[in-house]
Peer 1: 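First, the structure itself, so that you have it in front of you.
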Number of protein chains: 4
Amino acid sequence: MVKIGIIGYGYWGVNILRNFMNTPQCVVGKVCDQRSERLALVQKSYPSVQVTTSTDELINDPAIDAVVIVTPVFLHYALAKKALEQGKHVLVEKPFTASVAEAEELIELAQRKNLVIGVDHTFLFTGSVQRIKNLVDAGELGSIQYFDSTRVNLGLFQPDVNVIWDLAPHDISILHYLVPERPVSVICTGQSHTQNRLENIAYLSVNYQSDFMAHFACSWISPVKIRRILIGGDKKMCLYDDVEPTEKVKIYETSYHVNTEEEKHRMLVDYRTGDIFLPKIAQKEALADMTANFINAILDQTKPLVDGLAGLAVVQVLEAAQQSIDQGGKEIFLK
Amino acid sequence: MVKIGIIGYGYWGVNILRNFMNTPQCVVGKVCDQRSERLALVQKSYPSVQVTTSTDELINDPAIDAVVIVTPVFLHYALAKKALEQGKHVLVEKPFTASVAEAEELIELAQRKNLVIGVDHTFLFTGSVQRIKNLVDAGELGSIQYFDSTRVNLGLFQPDVNVIWDLAPHDISILHYLVPERPVSVICTGQSHTQNRLENIAYLSVNYQSDFMAHFACSWISPVKIRRILIGGDKKMCLYDDVEPTEKVKIYETSYHVNTEEEKHRMLVDYRTGDIFLPKIAQKEALADMTANFINAILDQTKPLVDGLAGLAVVQVLEAAQQSIDQGGKEIFLK
Amino acid sequence: MVKIGIIGYGYWGVNILRNFMNTPQCVVGKVCDQRSERLALVQKSYPSVQVTTSTDELINDPAIDAVVIVTPVFLHYALAKKALEQGKHVLVEKPFTASVAEAEELIELAQRKNLVIGVDHTFLFTGSVQRIKNLVDAGELGSIQYFDSTRVNLGLFQPDVNVIWDLAPHDISILHYLVPERPVSVICTGQSHTQNRLENIAYLSVNYQSDFMAHFACSWISPVKIRRILIGGDKKMCLYDDVEPTEKVKIYETSYHVNTEEEKHRMLVDYRTGDIFLPKIAQKEALADMTANFINAILDQTKPLVDGLAGLAVVQVLEAAQQSIDQGGKEIFLK
Amino acid sequence: MVKIGIIGYGYWGVNILRNFMNTPQCVVGKVCDQRSERLALVQKSYPSVQVTTSTDELINDPAIDAVVIVTPVFLHYALAKKALEQGKHVLVEKPFTASVAEAEELIELAQRKNLVIGVDHTFLFTGSVQRIKNLVDAGELGSIQYFDSTRVNLGLFQPDVNVIWDLAPHDISILHYLVPERPVSVICTGQSHTQNRLENIAYLSVNYQSDFMAHFACSWISPVKIRRILIGGDKKMCLYDDVEPTEKVKIYETSYHVNTEEEKHRMLVDYRTGDIFLPKIAQKEALADMTANFINAILDQTKPLVDGLAGLAVVQVLEAAQQSIDQGGKEIFLK
């Protein structure tokens, strides 16, 4: 049985708490938030859970085995460090940390103390991403040529980070999960329309040694909500449209054509070149699998699906993207 | 009455000929193509039109007032130059020329000889773009903040130019038509998966002095056909989806929200913030308006909607994009 | 303060309990279900609520002011009758009763004892139906000509009633809410593919004195989920697509055309005849408004939005539809 | 070589002429229309084709082997009879005739004179219907349980027939093509909103000896264009959506569920029960295959895909539907 403490009871914290309450071999001991009205909500729904406004009280509680950090990014490092120093396992909301240096230090600390670090990239646990992972690993798509992500919506400006830090972590984690090759460099462009100069629309290109490339379009100022990833292989291609209620994953048989005159005319009328297949996707709450995966990693002394290194890999891309956008789109090489 | 000659009877040439046949105050005198089987098609459908395999014969024909050039890009400059030198008006298929220098020379030549240059950016004549132009000019969208274009399809690789030269001219011409501010610089990234090293997937960011920005995603290797432009203003936003059969233009009342906890929860459930309006779009063949516009420019001694300078402005962006992509995404400033 | 008891804690009972827990001036005293494992769920989530497996115990509890009946249809009449006889107000899940005679008896009984009957036709409280109601009442659609409903999905066969009794009550209640004219007769056809001979696919036509008509298509054996109502007026038409996540209500400016040859050609290419308007719909839980409406009706001694008579009107159509389908589609006149 | 004459050069006549011009082993000798301006269009496009305003002149022309009748329905019988009597094969636009008696007389006459009758139910030649036919014949769907068609649009009122005669022939011919069992009876309801009392919205149920049933919804007063056929088998189901540009045919793996509580909850969230498959559909002009099929039937002395008997079967349903709707939805048995 693992006893956990949760720091942060905002929008996502509610989901985190509810799922850990239902996770086997796990009990939630304490929840911490600065806002007493949020703690009152915890007590109303779950009278058995203790509450506190002090992060230290939670972290230092000897009954707590693992600390779950669901706060704004800039607090992740300090809280995780304290928890690790107190011998607690940690699960950190995405993105892992605000910098590569922070992430590296936490990983080193956890390794030294033999503790588990998990990072909550929930999307990897969805039925859709799991199904695509199976297809890619089975070689169904062939050699992967590109990964093209669009994640845009309206109006939810974050006050402390730009749109890349807010939206791209989802898609970068999926990219890393599906494609083992590591990126070489990034180029990021974008624009702010607010006084705080945080970009609300941005585009990120990620370059590789091979002829694979990835691109991410992120926006808080799109009138329509789009959450779409295209993955092109030389055998088949995949469309993952997360806005679709049930037909989220489509697999296309495709082929290229040389541009003869007749071919061109035919293709302009009929651009489909093969069958389409929509696999049945398991409907489940991805977060439940994430919390179970973290608890099992602690109990079985295995690595969670998204460990500190996987979290670090996302932060490396984000940090380089920030440097690129700050320098007007200059290519930034990853170390 | 204007007598025209058409050079090039490929896929688009068929549409050009059909439309000029129906354009008032215009008669088609001659069509030129290297392929005799293409000329046979002309003769079968339009016995009154003369045919030839010699571009010189067509250009030098004293009865011809204007030459329409519907060939691959690399031939535009030489043919247009010859025609202008022979005192003919010219209409050139998009993109205008293969380089800025070529375009500038043709413009200078036409000016000197008081001849009309038209460039066939047909999309500007569609009911959709005309309707959006009216909305923008009427200030309905407010101050424009971004222009985001995606034009992707499957399989129609061009043999001589990359995907930016093939697909982006449509959207760049629409951008220039709607937004008077001139771009300052471009950054372009992309990737080729063929032996000729021509990019089949590419992304183009266009920067401005103001806080406006534009972005273009182009691909020949997408399993789905997308032709979508998002235009964001500080009052309203516009979605132009050219794949939709009738609901092509949507106008969104929008507003941004600060990210309070309650606001966030509400927005995640309901990201729409206002009414949506779909104006009735006139259904017509845009090309018919384009051919009439060119003929009228000649007869009335006015400028066509897309003259040489407008064609040049598109080529400036394309040439800079090519330089950027050739230098690994370096920012290239427009002169 | 109204103290309520809830009979039935199945799928919908869970939502009913949660919403009454949050309804002002109301407290939930007791929940009854035959299945002890369901009652255990109540106790876990809401320790303050009493539970029982005896409907009599709940109905006879003097502390209970109102009884909410969320059981299969065949139990509605007996339970509601007992509750009314004990002087309790009742809220009954749709459809109100299994027959017109049952509904009439309950209404008479409630009237005599001055008690409130509510029927839970939740859809009337959705933002979408409320918005359409406003449009219709404001005369925006003009004179209503037809109401066409399709409600189909896959696989959820009810064991005790056919597809009309299961799915049509939603749409019939919306029809009655929007159109004051009362139906004259019905014709219903359908087919069963199971041993119990309950129709799993059925079609219902409802006839009126005027030239208005209504039609309902219901199915449990459609591979796709469709929940769509078309309402045609002589000025405008309305599409209510409940499967759409946010664009649920579309208002079309329309007009008819005489069929001249030119007109026909144009219309076959472009069937849209005017602008389309998508009003912003308030996103809220309709059930919360329903429970509040019922509690307020008790406290203010007013009629709830859906009272016994409104519930009866739906049952009249259902009973006649049953008679029609049993007689091979014979027209059945409503009394 | 078959020489044909065409009577009627309206909207569809244009397509008929163009396709017969391109059909091998066939030449178009003459076109007849009452309107001289229509004949002028023929002469402009096809100078080799003779024109006349006299149907007799065309029918009596000894050089003509086959007469194609593309007129309003009420003229089909008289023209076809005359042509058959003159020893000509006939191809008649759908629906075949205005009554069963007319169709039967023409069939008998053609049989006696050993002449071919074809009826132009073009939809059977589409790639979509051909693909579905293959699936059904291969037993992929299992035993067919229902056929549900919706064909609605806006505004194109026919002046001489109601909406069932105008729109349902397409879908009835597809039904007969896919399902060999013959219908037993029909029930048809509908409503008119015009002075001529021709129904502009109507619903047709078709009953069978087995547990199969068919239903057709037809309307000229829908704000949206829907052309959708659902075909349910006990193994798989098929959605044919003719409005979709390329994804017209979807095959669903399905299964039914008993309604347990847990099952219900899961199904309400996730109604999909299996994979979906979208076969690549051949894109071609169906009409070209229809004209070739008719010419081949004459040359090879075979039956065309849609012969007189197939045309008659559609008229039988239409005539019975008319009788049903005229008698307020009474069940009408087919002879």
Side-chain angles (χ1 to χ4, degrees), chain C residues 10-11 35 38 145-146 148 150 152-159 185 187 189-194 200-201 203 205 207 211-213 215 217 219-225 230 232 234 236-239 250 252 254-259 261 263-265 267-268 271-273 276 328-331, chain D residues 10-11 38 145-146 148 150 152-159 185 187 189-194 200-201 203 205 207 211-213 215 217 219-225 230 232 234 236-239 250-252 254-259 261 263-265 267-268 271-273 276 328-331:
Chain C
Y11 167 71
R35 300 159 293 183
R38 299 298 301 172
Q145 298 182 325
Y146 68 87
D148 179 305
T150 303
V152 303
N153 60 34
L154 186 63
L156 268 174
F157 287 59
Q158 295 291 338
S185 69
I187 287 176
T189 60
Q191 190 57 259
S192 172
H193 301 90
T194 51
N200 45 39
I201 183 166
Y203 304 92
S205 291
N207 305 306
D211 67 357
F212 171 75
M213 87 169 291
H215 187 269
S219 173
W220 291 326
I221 51 172
S222 165
V224 282
K225 183 183 182 179
L230 286 168
D234 62 1
K236 291 185 185 169
M237 295 183 185
C238 171
L239 166 62
K250 291 186 174 182
Y252 294 77
T254 53
S255 56
Y256 307 151
H257 288 251
V258 295
N259 177 13
E261 193 66 39
E263 198 62 26
K264 183 166 187 174
H265 195 145
M267 288 291 289
L268 284 162
Y271 56 85
R272 266 186 65 186
T273 64
I276 306 175
K330 195 183 155 194
E331 183 174 16
Chain D
Y11 166 72
R38 300 298 302 173
Q145 298 182 326
Y146 69 88
D148 180 304
T150 303
V152 303
N153 60 34
L154 187 64
L156 269 175
F157 288 59
Q158 296 290 339
S185 68
I187 287 177
T189 60
Q191 190 57 260
S192 172
H193 301 92
T194 52
N200 46 40
I201 183 166
Y203 303 92
S205 291
N207 305 307
D211 67 357
F212 172 74
M213 88 168 289
H215 187 267
S219 173
W220 292 326
I221 52 173
S222 164
V224 281
K225 182 183 183 178
L230 285 168
D234 61 2
K236 291 185 186 171
M237 296 185 185
C238 169
L239 166 61
K250 291 186 176 180
I251 310 298
Y252 293 77
T254 53
S255 57
Y256 306 150
H257 288 251
V258 295
N259 178 14
E261 193 67 37
E263 197 62 24
K264 183 167 187 174
H265 195 145
M267 288 291 290
L268 284 162
Y271 56 85
R272 266 185 67 187
T273 63
I276 306 175
K330 195 183 153 195
E331 183 174 14

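Within every chain, numbering begins at 1; the chains are lettered A, B, ... in the order of the sequence lines, protein sequences first and strands thereafter. For clarity, every value in this text was computed on a predicted model and none was experimentally measured.
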Peer 1: What is the minimum heavy-atom distance between D:Asp211 and C:His193, and which atoms define it?
Peer 2: O-NE2, 2.9 Å
Peer 1: If you count heavy-atom pairs under 4.5 Å between each of C:Met213, C:Glu331, C:Lys330 and chain D, which one has the most?
Peer 2: C:Met213
Peer 1: Which residue out of D:Ser185, D:Ser219, D:Ser205 racks up the most heavy-atom pairs below 4.5 Å with chain C?
Peer 2: D:Ser205
Peer 1: Taking all heavy atoms of C:Tyr146 and all of D:Ile221, pick out the closest pair and write down the distance.
Peer 2: OH-O, 2.5 Å
Peer 1: Closest heavy-atom contact between C:Ser222 and D:Leu230?
Peer 2: OG-CD1, 3.7 Å
Peer 1: By a 4.5 Å heavy-atom criterion (distance strictly below it), what part of D:Gln191 contacts chain C: side chain, backbone, both, or neither?
Peer 2: both
Peer 1: Looking at CG of D:Asn200 and CD of C:Gln145, how far apart are the two atoms once the value is rounded to the nearest 0.5 Å?
Peer 2: 7.0 Å
Peer 1: Between D:Cys238, D:Gly190, D:Gly232, D:Ala217, which shows the greatest number of heavy-atom pairs under 4.5 Å with chain C?
Peer 2: D:Gly190
Peer 1: Yes or no on side-chain contact (heavy atoms from CB on, under 4.5 Å) for D:Val224 and C:Lys250, after CA distance, side-chain angles and deciding distance?
Peer 2: CA-CA 10 Å; D:Val224 281; C:Lys250 291 186 174 182; over 6 Å; no
Peer 1: Does any backbone or side-chain atom of D:Ser192 lie under 4.5 Å from a heavy atom of chain C? Answer side chain, backbone, both or neither.
Peer 2: backbone
Peer 1: Can you give me the closest heavy-atom contact between C:Pro223 and D:Thr254, atom names plus distance?
Peer 2: CB-CG2, 4.3 Å
Peer 1: Test your reading of the model: is there a side-chain donor-acceptor pair from D:His215 to the backbone of C:Tyr203, 3.5 Å cut-off?
Peer 2: no
